[in-house]
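Comments concern the structure below.
Residue numbering restarts at 1 for every chain, and letters A, B, ... go by the order of the sequence lines.
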2 protein chains.
Amino acid sequence: MARVTIADIAARLGVSKASVSYALNGQAGVSEATRQKVVAMAAELGWHPSFSARALSRSRADAIGMVLRRDPALLGTEPYYMRLLEGVEDVLSDAGQSLLLRMVGTTPGRDIAVYERWAGEGRVDGVIVLDRAIDDPRPALLAKLGLPFVLHGVLPGNESGAERIEDQHRDAQLLVEHLFELGHRRIAHITGPLALAHEVDRRNAVRQECAVRDIAVEFAEADYTFDTAYARVTELLGSGIRFTALIFSNDVMAVAGLRALADAGARDIAAVSWDDSMLCQFSYPTVTALERYPDRAGRRSATMLLELLDGRSWNTAAPSPSTLVVRETSRAAASP
Amino acid sequence: MARVTIADIAARLGVSKASVSYALNGQAGVSEATRQKVVAMAAELGWHPSFSARALSRSRADAIGMVLRRDPALLGTEPYYMRLLEGVEDVLSDAGQSLLLRMVGTTPGRDIAVYERWAGEGRVDGVIVLDRAIDDPRPALLAKLGLPFVLHGVLPGNESGAERIEDQHRDAQLLVEHLFELGHRRIAHITGPLALAHEVDRRNAVRQECAVRDIAVEFAEADYTFDTAYARVTELLGSGIRFTALIFSNDVMAVAGLRALADAGARDIAAVSWDDSMLCQFSYPTVTALERYPDRAGRRSATMLLELLDGRSWNTAAPSPSTLVVRETSRAAASP
DNA sequence: CTGAAAGCGCTTACAG
DNA sequence: CTGAAAGCGCTTACAG
């Protein structure tokens, strides 16, 4: 099957390629009669625009890229990313854009190389950047490369973080208030890597919400993995620091922490997770967690990027508030 | 930053564009001296090949596509797909190919439309097809479209399924033998949709392995979701059919089945899952499961597709055998 | 080994 | 409104 081109359509109809192009793109410059003939013929011949020809002449790739740089082994366990991708992909496909996906693991710099290559080859029109770090080099690099980008969870133009979309603060309030109502006055928060901007935000927000309620709070840093969370909880238990409830920055760590508590015979301690998943739903005991609607967050970021590429202004809807799903680990504080 | 092109390099060096192209692509037709000058200049100017220009002149997109057509909500819960993607992506990026990802949900025909569009636009050079169904229309459609493809889990040229890569039979043997050794002589298998080829394969394989060992076996069809599996197990318990062990075709259903058993007070029944995941690891009780190395399977399929595109012959390594991870649900049969 | 030229399939000023 | 032509940045026969 030789590809059918606009030259074929033009030849059949005895008009110029230019007219065909204008007609097919809904642009001015053709009579309505010609346009209809062209459109009909294109349908009859089963014409599709050549993606690469269009990309070359328009210098647009009609694709946007995402680089996932968490540990691949962990990616599979965190439904958060799949749901995020789902939202992104949904918006992109409606807009006729493709999603290019790249997983680079945690080796530093591998993501940078991908961006450089994508920019150099003109393979994507823009990228969505995840997991913003403190002093993240990526915004500056992408700006230098001339590759448009959106920081997932941050409104463009506010890279400083002044107007976070993912309102960590509201989430922290939900979690802390819940524990407060259960009677907890001494808690600990097992955070993810504090090199990540949103983890710092979470810690600060938790600190503030606790201060308001006169709750004593401890922090321990882990890296989202089972093993580090298990270790941190075990250390806390042995440290003499007292706490009756734990906040975990993701589901895997929550499950790990529960295991550590059980292994230490501290089964009466309450726990909440910042991320929900089937893990929270089916672990033993089941874990109270925040449903954060990552698909909607993905949809927002994709929409913003497309608006940015089109030079339109932001009319992005307000972020969806999270919901707290209460489960078995929402234990009341033991009476003092 | 205006793009630097081979014309720029040619001009600076006073040679032709053709020489530059040959040099940069490592082809014959240039002297070694010229080649080195060209390569050095390209590096100095920070040249990258324009992806779209190359695609247009070579008529290759240097991209392969995957359409995921399971329920997006479920996709997030099944690490199987993320791990599969990881393997695919790894092979592709080593080969300088991109991965185009599309999620279409379960609406029939939406995947077909994507393939037609990709083929028409020349957006991908080939696709990896997942979840082959009985009488699957996709192979014929893709052949008609002239879009090269690999059926994940099937050796090309054996679409009939004569030589499955994912050896469901060996997996069935592992599971059934395990239950047999624990003393079980009456079991039931909660399958996924029997419209999927590999689910039929699994059922047949389980039937055969049971027959060999004189094990009585029942089958009940579910659709990989929690709710259907819960319902099937509840029905089985109420049916009067006796069984002391259950096989589930995925992790989510295993967890659902355990819940159904617990709710019915049938806690002594053994269970195994065909897929492993953190869910099996942290549910209560923990679930014995097959580690099937989906990343390796993805790597195989990607490798095969690239070989197919290059017109090379298969030198794909043998599939990795699965491993049984024994956990708490590996209960011995109650003595009769 | 090297250069001039045509071609991949579109888009888009530029004349008529 | 319409057509002839140049251009996007490469690749690749084709002469020298």
Q: Name the nucleic acid region contacted by A/Gln27, choosing base, sugar-phosphate or nothing; use a 4.0 angstrom heavy-atom cut-off, strictly under.
A: sugar-phosphate
Q: Just call it for B/Ser59: base, sugar-phosphate, or nothing, with non-hydrogen atoms closer than 4.0 Å on any strand.
A: nothing
Q. Does CG in B/Asp310 sit with more than 12 non-hydrogen atoms of other residues, nucleotides or ligands closer than 6.0 Å?
A. yes
Q. Is there a side-chain contact between A/Ile9 and A/Trp47, using heavy atoms and a 4.5 Å cut-off?
A. yes
Q. Are B/Arg83 and B/Glu86 close enough for a salt bridge, meaning some N to O gap below 4.0 Å?
A. no
Q. So what is the 5' to 3' dot-bracket string for DNA chain C, if pairs are Watson-Crick or G-U wobble with both distances under 3.5 Å, crossing pairs use [ ] and | means the partner sits on another strand?
A. |||.||||||||.|||
Q.
Regarding B/Arg69 and B/Asp131, does a basic nitrogen lie under 4.0 Å from an acidic carboxylate oxygen?
A. no
Q: Go through the side-chain N and O atoms of B/Ser98 and A/Arg123 and say whether any donor and acceptor fall under 3.5 Å apart.
A: yes
Q. Are A/Arg296 and A/Tyr293 in a cation-pi contact, defined as NZ or CZ under 6.0 Å from the six-membered ring centre and within 45° of the axis?
A. yes
Q | Side-chain heavy atoms of B/Arg102 within contact of A/Leu99, under 4.5 Å | A | no
Q: Select base, sugar-phosphate, or nothing to describe what B/Thr5 touches, counting heavy atoms under 4.0 Å on all strands.
A: sugar-phosphate
Q. Base, sugar-phosphate, or nothing for A/Gly14, non-hydrogen atoms under 4.0 angstrom?
A. sugar-phosphate
(Q) Over all strands shown, is A/Thr34 touching base, sugar-phosphate only, or nothing at heavy-atom distances under 4.0 angstrom? (A) sugar-phosphate
**Q.** Residue met sooner reading DNA chain D from 5', once B/Leu24 and A/Leu56 are mapped to nucleotides
**A.** A/Leu56
**Q.** Start and end of chain A contact along DNA chain C [non-hydrogen atoms, under 4.0 Å]
**A.** C/dG9 to C/dA13
Q: Compare all side-chain heavy atoms of A/Leu100 with those of A/Met66 and state whether any distance is below 4.5 angstrom.
A: no
